[in-house]
Amino acid sequence: MPKPPALRRLAPARWAQTPLKRLGRGRRQGAPARKWRERPGRDAWREFAASFARSGLLPAPGPSSGEAAPAARSLAAVEATEGAAVLLLPHGQALTFTGKCRLTCLRGAVQVFGFTIAQEQPPYDLFSPQTHCALTIEAVTYEAAEKSKKELRISARAVLRAHRVPRGTHGPSDAYWSLLCRGVKSLPLTHARIKLLKSVAPLCSLVLMEGLDTSVTRFILNHPEFSHIFRMKRQKSPCFAPEDAALAATGIGKRDPESGLLLSESSVLATEELIQACCEEDDGCPVILVCGPKSIGKSTFNRYLINLLLNNLPCVEYMECDLGQTEFTPPGCVSLINVSEPCLGPPFTHQRMPHKMVYYGEASCDQDTERYIDTVKYVFNSYKKEVPLIINTMGWVKGVGLLLLTDIIRLLAPSHIVQISVEDFKDMPHFTPEYVNLAAGLHTKGRLQGKCKSMDVSGMEDWKQYEGESDLYTSTPGHKLLCVQPEFPGAGNAGEARVHSGILRDVAILGYLGQLQPLETRSVLPLHSLIPYQVPFNSVALRVIHTDVVPTHIMYSVNASWVGLCRILDEVRCQTDGPILLTQTPVCDCLGFGIIRGVDMERKLYHILTPVPPENLRLVNCLLLGNIAIPDCVFTNQQGTEGEIPYVTSEYNYDILGAGKLKMKKHLKRREHSRS
C-alpha cells in the first residue's frame, strides 16, 4: 500500500514535541473553529489508516461514527506525567487489564485480587500477565465525610494538580497516534482534567497508575520466549476510546471482565467462613489445607485468600507442599514463609526467601514418597501456631497420590480442609473427618486397620512428641470440610490450561535469577558477565539427589547445573582437596539457589552464581543437585556466543534404549493395599 507523501514526513513520536501552530491547531482571532479537522490531506490519511484494518493488519474500528461503545466510555482515565495516568472509578466499577503498573490510591479505596488499597497507603506493584487470570481494579465502599459536588471537585482538582494532570491535552501523544492509526475517526483532544472532574461523584475513587519496570521483569522479558507475556492480545471486536490511550501510556490494556478472577458462590462462602475463623481467637489459629486435582485453581484460591486475610491481619503463614508449582520459591521445594505483603501477581513476580525451606530436588515426589513425608514433617515443625496457616498441596490426587494426600492430612491435622473439584470428578472422595480417620494412606492405616507400618521409628517419636498425640497416625482431631466448585472455563482440565506447567516452572526460575540484575542499571546483563563466587571443593559437601552418579563423573553432572545451597548440621571435614560426596540425601535447611557456572579442577574450586547475600552464604556447607534444570532459554539467549552454544545439544536421539526418563507405574498399588 503506498503511503501518502504529505503525511510521511511527520513521525508519530514527534507529535507531542511539535508546536501547535505547526500542526494547524493554533486558532487566530476570526479563524474557523474546526480548521485543524479540515486540513488538506487528513481525509487521505484516514483512508490510508483504514486500509490497514481492511487488509487484516489491524482490527476494524468500532461503530461507523467513530465513537466508542458505552462500556468503553464509562471509564474516565487521563494521562498525567510521562508514563502515568489517573483513573477515576465510580463505586462498583472495575477495570480488568493485562500489563504491569504501580498503583497508588489518591482518593477512596479500590480492591485488587481481594486486597483493599486505600488512600494514604503506599503504592503497590501490579502484575497481570497472559499466563494467569487478569487482575481487576474495582472501586469499593469507604468511609468519607459528606461533601457537596463543588467540594468534591475542589478536592479532586487539588489531587490532579499534585500529580501534574494537565488542564488540557496540548498535543497528540504516541498512544493517541497508535489508536488513530487503527482507523478511529473520532478521538477529540479534550481538556483532560476538566473532563475528569465532570465525572467526580460521591464514593468514587481516584488511582494513579504509573509505568512499572523492575529488574526481575526486565530480565524475564529479555528472553524471546517470554517477551510477550505482558502484552495485550489482539481483540476480535475492539472499541477504542481516548481512555485507552491514557492506559496504554502506563503499559496496560483493557480486558473483558470474564478474563479476570471468576468466583463461584461456593468460593465466596468458603472464604467468608475462613476469614471469620481466622479473625476469631477463641479456638487458636486455624490451619487451612487446600487440596484438589491439577488445574483446578488451588494457587489462585490461595493468593486470593491470603490477600483477604491481610486486610484484617498483619501476616499469615503459608506452607508450600506442591513441588511442581511453588508460590514463593523456585520449583522442587517444601517451604514455610511468613507473608505480610499482598500477592498481586503470579509466583515469578514475588520470589521470596522463606524462614524454613528444604530442597527436595524434584517436581514430583512419586520416586521417593518417604523422603517427601520426612521433608513435610521437618518444615511443619517450624510452625509456631501464632498466626493462621495456609497449606498448599499437590494436584496428584489419583491412585498413589490420593493415598499420599491422606497421609499428609493426618500428619498436619488441619482445622479446615478446602476441597476444590468439579462436580463430576470421582477420583477424589470427600475428605470428611470420618474418611480421614478410617481410610488407608500410603504409609499409614486407618483406625479399623490396626497399627500402621512404621517408616522411621525415631522420626515418628519426635513427631508424636511435638504434637502431643499418642496415636497420631490412626486418629486425627475433627476438621471442617469446605467443598468448592470453581466455575471458570476449563476448570480441572489440565489440557486447557493457559500455559504448560513446565513453562511456569521455567519462568519461576527466571524470576529468581532476575534478582542477580543490578538495581542501578536499566539494561539487562547476561549471566555469563556477572562475577561468581569461588567455593573450594573441601568446604562444601556434594550430593546428587535424583540419580546415582559414578564418583569419577560427578563433576560432569555438576557443571552448568542448578543447585540448592544448603546447611547440614554435621561438620564438613576433609583431609584432601575434595570433592566431599555424601552417600545419602539429607533433609536439611536450604538457604537459596545458584548456578554452578564452572568447575576449576586445577584449583579445586566451584564457580557459583547466586543472589543469596554473603552473610547467608557463610552458613552454606552442602550443595544439593536435583532434577530441576536451568531453563533452556538461559543457554540459548546468551550474548556474544558464536557457533555451537555451550551445554546445549540438538542431536539427541531419544530412540536409544534408556535415553528417556523412566516412568513409574502409578496405578500399581503396594502389596498391603491390594485386595486378595
Side-chain angles (χ1 to χ4, degrees), residues 219 329-333 335 351 353-362 509-518 525-631 634-635 638 646-647:
F219 177 74
T329 67
C333 299
S335 62
Q351 295 285 294
M353 179 60 196
H355 59 79
K356 180 66 69 173
M357 176 171 62
V358 174
Y359 183 48
Y360 183 84
E362 295 268 4
I509 294 178
L510 292 179
Y512 185 86
L513 293 176
Q515 302 175 39
L516 288 166
Q517 296 295 314
L525 299 180
L527 295 184
H528 60 76
S529 68
L530 303 178
I531 301 176
Y533 291 94
Q534 294 181 350
V535 182
F537 284 179
N538 59 4
S539 65
V540 293
L542 182 64
R543 173 66 178 173
V544 179
I545 299 173
H546 60 288
T547 188
D548 294 329
V549 181
V550 179
T552 54
H553 292 173
I554 195 74
M555 290 305 170
Y556 293 106
S557 62
V558 168
N559 195 21
S561 296
W562 178 262
V563 292
L565 309 179
C566 304
R567 180 188 182 186
I568 56 178
L569 298 180
D570 298 335
E571 185 178 354
V572 177
R573 294 181 180 179
C574 185
Q575 301 298 331
T576 63
D577 293 335
I580 306 173
L581 304 181
L582 298 178
T583 58
Q584 293 183 345
T585 302
V587 178
C588 58
D589 292 344
C590 180
L591 305 180
F593 299 90
I595 295 177
I596 297 184
R597 258 196 54 190
V599 179
D600 190 339
M601 296 301 297
E602 295 182 359
R603 300 171 59 192
K604 306 296 182 181
L605 295 174
Y606 301 110
H607 294 276
I608 301 179
L609 200 61
T610 176
V612 177
E615 57 269 20
N616 293 343
L617 288 177
R618 296 187 182 98
L619 305 176
V620 174
N621 60 1
C622 178
L623 304 180
L624 295 183
L625 171 62
N627 200 23
I628 305 299
I630 302 172
V634 173
F635 297 103
Q638 293 185 84
Y647 311 111

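Basis for what follows: all heavy atoms, side chains included, without hydrogens, waters or symmetry-related copies.
Annotation: the span from L516 atom CG to L609 atom CG amounts to 5.0 Å, rounded to 0.5 Å. One finds the CD1 atom of I608 at 8.5 Å from the CG atom of L617 (value rounded to the nearest 0.5 Å). F635 CZ to H528 NE2: the interatomic distance, rounded to the nearest 0.5 Å, is 12.0 Å. For the atom pair CG of L591 and CZ of R618, the computed distance is 13.0 Å after rounding to the nearest 0.5 Å. Within the model, atoms NZ of K604 and OG of S539 stand 13.5 Å from one another, a figure rounded to the nearest 0.5 Å. Residue C590 holds its SG atom at 11.5 Å from NZ of K356, rounded to the nearest 0.5 Å.
Partners of Y606 by ring pair (Phe, Tyr, Trp, His ring centres under 6.0 Å), not counting sequence neighbours, listed by chain and number: F537. Remark: T585 pairs with R543 by the side chain to side chain donor-acceptor pair (under 3.5 Å) rule, at least two apart or across chains.
Residues G592 and M357 come closest through the heavy atom pair N-CE, 4.1 Å. Pairing each heavy atom of D600 with each of H607, the nearest pair is CB-NE2, 3.8 Å. Taking both residues in full, the closest heavy atoms of Q534 and L605 are given as OE1-CD1, 3.8 Å, listed atom of the first, atom of the second, then distance. Scanning both residues, Q351 and G511, for their nearest heavy atoms gives CG-C, 4.1 Å. The shortest non-hydrogen separation linking A629 to I509 is O-CD1, 3.5 Å.
Within the 4.5 Å cutoff, no side-chain heavy atoms of I628 are placed close to those of P330. Here the side chains of L619 and D589 are not in contact, with every heavy-atom distance at 4.5 Å or above. At least one side-chain heavy atom of L510 sits under 4.5 Å from a side-chain heavy atom of V634.
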Counting only pairs under 3.5 Å, give me each side-chain donor-acceptor contact of residues 558-569, with atom names and distances, residues two or more places apart or in other chains.
unit_1	atom_1	unit_2	atom_2	d
N559	ND2	Y647	OH	3.3
S561	OG	S557	O	2.6
S561	OG	V558	O	3.1
S561	OG	N559	O	3.4

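More than 12 heavy atoms of other residues, nucleotides or ligands shown are found within 6.0 angstrom of CD on E615.
A donor-acceptor pair is defined here as one N or O able to donate and one able to accept, closer than 3.5 Å; no such pair exists between the side chain of Y359 and the backbone of L624. The backbone N or O of L525 sits less than 3.5 Å from a side-chain atom of Q517, completing a donor-acceptor pair.
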